[in-house]
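In what follows, chains are A, B, ... by sequence order, proteins preceding strands, each numbered from 1. Hydrogens, waters and symmetry mates play no part in the numbers below; they use all other heavy atoms, side chains included. Because the structure is predicted, anything quoted here is derived from the model rather than measured.
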There are 2 protein chains.
Amino acid sequence: MNNVFKALNDPTRREILELLRERDMTAGEIVEQFRISGPSISHHLDLLKQAKLVIAEKEGQYIYYSLNTTVVDEIMKWLLQIKSKKK
Amino acid sequence: MNNVFKALNDPTRREILELLRERDMTAGEIVEQFRISGPSISHHLDLLKQAKLVIAEKEGQYIYYSLNTTVVDEIMKWLLQIKSKKK
DNA sequence: ATAGTATTTAGATATTTGTCTAAATATACA
DNA sequence: TGTATATTTAGACAAATATCTAAATACTAT
């Protein structure tokens with residue numbers, strides 16, 4: 001869970017997730033959406049992958065990234081627990 | 001929202017939130033629950049306060065900290081949006 | 001006033017993080 | 001086979017972060 005919070009704690013990474021909500025994209029397509037270098041985006045994608053928030057699938061020359069929202073449930077569960085204050 | 005994700009991105013701070021779920025506590029009571037120094041906890045409480053995840057109220061010599069879960073809704077909303085993938 | 005308790009602020013330090021450029025790897029195609 | 005394209009890995013560096021001790025502030029009570 002730590003990895004997920006860590007992954008979410010960056011505006012660029014959150015924006016990547018929002019992009020992938022629309023459709024799956026290749027690393028290059030994602031890079032185009034930002035003013036940040038390819039390697040930096042690659043690093044962000046790696047952190048998102050570690051958190052299992054995205055899935056990477058190789059197709060020939062390209063790598064397609066897609067959202068994996070199952071991890072989000074875990075976070076929501078935790079947040080709901082916090083919201084159910086006892087006093 | 002950035003501040004909230006930042007505040008949540010630390011195990012100690014998340015544990016503080018879990019403690020405050022049970023009951024309001026003074027800074028000193030919170031410190032007792034950890035092996036970390038008072039000033040460090042004070043710093044964590046400050047970040048939680050900046051994120052508006054906790055509220056601090058002075059009562060004489062003590063400062064009572066309590067949960068404020070209204071900010072959590074904002075995060076949940078964002079997460080739900082991510083979960084509603086288009087494809 | 002003075003001493004004691006509660007908490008924060010200041011300043012230092014080691015670690016982590018986000019970014020970059022250059023190089024490495026992998027695939028496509030002519 | 002050789003060149004172009006897609007992406008990652010390596011290494012460097014500045015900025016942010018978590019922690020500490022020492023000092024400052026604020027309140028209580030003798």
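Note on Lys6(A): every side-chain N or O is 4.0 Å or more away from OP1 and OP2 of dT16(C). Within the 4.0 Å cut-off from OP1 or OP2 of dT7(D), at least one side-chain nitrogen or oxygen of Thr26(A) is found. Residue Tyr65(B) places at least one side-chain N or O closer than 4.0 Å to OP1 or OP2 of dT8(C). For dT19(C), the OP1/OP2 oxygens have no side-chain nitrogen or oxygen of Arg35(A) closer than 4.0 Å.
Taking atom NZ of residue Lys58(B) and atom P of nucleotide dT5(C), one finds them 18 Å apart after rounding to whole Å. Asn9(A) places its CG atom 11 Å from the C1' atom of dA16(D), with the value rounded to the nearest Å. Between the C1' atom of dT16(C) and the CZ atom of Arg13(A) lies a distance of 12 Å, rounded to the nearest Å. Remark: C1' of dA6(C) and CE of Met25(B) are 15 Å apart, rounded to the nearest angstrom. When the C1' atom of dT17(D) is taken as reference, atom CZ of Phe5(A) falls 18 Å away, rounded to whole Å. Rounded to an integer number of Å, the gap from Asn3(B) CG to dT17(D) P is 10 Å. Rounded to a whole Å, the CG atom of Leu45(A) is 6 Å from the P atom of dT8(D). What separates CG of Asp46(B) from C1' of dT19(D) is a distance of 15 Å, to the nearest Å.
Between Arg23(A) and Glu29(A) a salt bridge is recorded (basic side-chain N to carboxylate O distance below 4.0 Å). Between Lys52(B) and Glu74(B) no salt bridge is recorded (no basic side-chain N to carboxylate O distance below 4.0 Å).
Comparing atom distances between the His43(B) side chain and each of dT7(C), dT19(D), dT21(C) picks out dT19(D) as nearest. Of the listed nucleotides (dT19(C), dT27(C), dT19(D)), dT19(D) has the atom at the smallest distance from the side chain of Ser40(B). Picking from dT7(D), dT21(D), dC20(C) the nucleotide with the shortest atom distance to the side chain of Ile63(A) gives dT7(D). If you check dA18(D), dT19(D), dT17(D) against the side chain of His44(B), the one that comes closest is dT19(D). For Ser42(B), counting side-chain heavy atoms from C-beta on, the closest listed nucleotide (dT27(C), dT19(C), dT8(C)) is dT8(C). The side chain of Pro39(A) approaches dT8(D) more closely than any other nucleotide in the set dA6(D), dC20(D), dT8(D).
One N or O on the side chain of Arg13(B) and one on the backbone of Ala7(B) form a donor-acceptor pair closer than 3.5 Å.
With hydrophobic clusters built from ILVMFWY side chains whose heavy atoms lie under 4.5 angstrom apart, Met1(B) shares a cluster with Leu80(B). Follow the hydrophobic side-chain contacts under 4.5 Å out from Tyr62(A) and you never reach Ile16(A); the two are in separate clusters. Under the 4.5 Å side-chain heavy-atom criterion for grouping Ile, Leu, Val, Met, Phe, Trp and Tyr, Leu79(A) is connected to Leu19(B) within one hydrophobic cluster.
Looking at Gln61(A), its side chain comes within 3.5 Å of the base of dT5(D) through a donor and an acceptor atom.
Residue contacts for Ile41(A): at a heavy-atom cut-off of 4.0 Å it reaches no nucleic acid atom on any strand shown.
Residues Gly60(A) and Ser37(A) each lie close to DNA chain C; by heavy-atom proximity, the contact nearer the 5' end of the strand is made by Ser37(A).
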